[in-house]
Amino acid sequence: MKIIRTPREMQQAAQALRRAGKTIGFVPTMGFLHEGHLSLIRIARERADVLVASIFVNPTQFGPGEDLDAYPRDFERDERLCCEEGVDLLFYPTPETMYLEGHSTWVEEEALSGMLCGAARPVHFRGVCTVVTKLLNLVLPDFMVLGEKDAQQLRVLRRMVRNLNIPVDVVSGPTVREADGLAMSSRNKYLSPEERKEAICLFQGLGKAKEQFSAGERSADVLTASVRDVIEKTSGTIDYIEVVDDENLQRIKVLEKPALIALAVKFSGVRLIDNAVLGK
Ligand code: PAF
């Protein structure tokens with residue numbers, strides 16, 4: 001596995017691979033890898049001649065007061081895991097080389113970015129769209145693999161790729177969970193032992209909503225209320241629980257076509273998200 005640290009070197013390597021007719025698969029990450037990331041890397045490994053992963057804690061997707069500085073990092077461990085999973089090129093740039101002085105160009109998706117996580121994190125998806133566009137221009141992949149845990153991010157990036165005619169296939173991989181159901185996340189490590197136990201309430205709440213949906217319940221209010229009941233028994237603070245159209249992320253009252261039930265809950269500053277698709 002080769003580690004590439006500058007955007008220029010990454011782009012030159014990618015151009016050479018494309019000229020040689022290789023299929024490039026790409027998994028963008030912010031590092032501190034867990035089984036969720038590794039499952040995406042394995043999906044990409046199966047289909048690509050050359051597998052590129054990136055590790056970059058992107059400063060522009062964190063708002064003021066968010067956890068940019070505290071975001072967990074462990075490059076040595078990430079490097080070892082990537083190597084074990086068969087990553088060929090590991091792109092590990094610095095913020096200074098990714099955002100040169102005078103950076104003033106942004107990619108903004110306007111229809112799906114303002115709701116759910118975007119309501120509480122107003123610059124988040126602008127940062128995600130900008131950095132992913134930059135990464136795609138550097139890695140030149142045939143396909144990129146994203147996790148379904150970040151449901152809104154997946155939909156925003158699919159829309160961006162379509163709107164901007166970016167020549168890349170977006171492939172998604174299912175959420176990987178701990179044995180008790182908690183969705184894997186780099187942020188889980190900041191939960192206290194007590195909060196870690198309580199944090200399965202996201203999964204349990206979604207499970208309850210899924211059961212009700214299977215039993216025929218179609219009212220978004222009823223479904224969100226039962227998730228709320230489960231969360232409110234814990235010390236978690238609800239940021240949002242919403243039922244939205246699976247494609248356009250608009251709030252819906254009655255579930256008639258595939259819907260996404262998504263939630264964000266904070267445990268003393270640690271913000272966890274999870275979701276389920278209903279009716280697909
Ligand atoms: O999901 C993430 O880890 C990040 O948002 C991404 C897609 C790597 C962009 O920084």
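Whatever order the structure lists ligands and atoms in, that order sets their numbers, starting from 1.
Residue contacts with ligand 1 for Leu157 are absent, since no atom lies close enough (heavy atoms, distance under 4.0 Å).
Connection of Leu223 to Leu249 is not established within any shared hydrophobic cluster, with ILVMFWY side chains joined at heavy-atom distances below 4.5 Å, either directly or through further cluster members.
For the residue pair Ser113 and Glu108, no side-chain donor N or O sits within less than 3.5 Å of a side-chain acceptor on the partner.
Ranking protein heavy atoms by distance to atom 9 (C) of ligand 1, first place goes to Gln61 OE1, 3.4 Å. Of the protein's non-hydrogen atoms, Met30 CG, 3.5 Å is the one closest to atom 3 (O) of ligand 1. Nearest to atom 5 (O) of ligand 1 among the protein's heavy atoms is Gln153 OE1, 2.7 Å.
Looking at heavy atoms from C-beta onward, Phe91 lies out of side-chain contact with Pro28 at the 4.5 angstrom threshold.
Of all the atoms in ligand 1, the ones that sit under 4.0 Å from a non-hydrogen atom of Val131 are 9 (C), 10 (O). Ligand 1 places these atoms under 4.0 Å from at least one heavy atom of Pro28: 8 (C).
Ring geometry for His103 against Trp106 counts as perpendicular: the plane angle is over 60°, on a 0 to 90° scale with 30° as the lower cut.
Where the criterion is an N or O separation shorter than 3.5 Å, residue side chain and backbone included, Asn58 fails it with respect to ligand 1.
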Checklist entry - Can you check side chain to side chain contact (heavy atoms under 4.5 Å, CB included) on Val123 and Thr60, steps first, answer last? => result CA-CA 8 Å; Val123 299; Thr60 65; over 6 Å; no
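Looking at Asp239 and Arg271, a side-chain N of the basic residue comes within less than 4.0 Å of a carboxylate O on the acidic one, giving a salt bridge.
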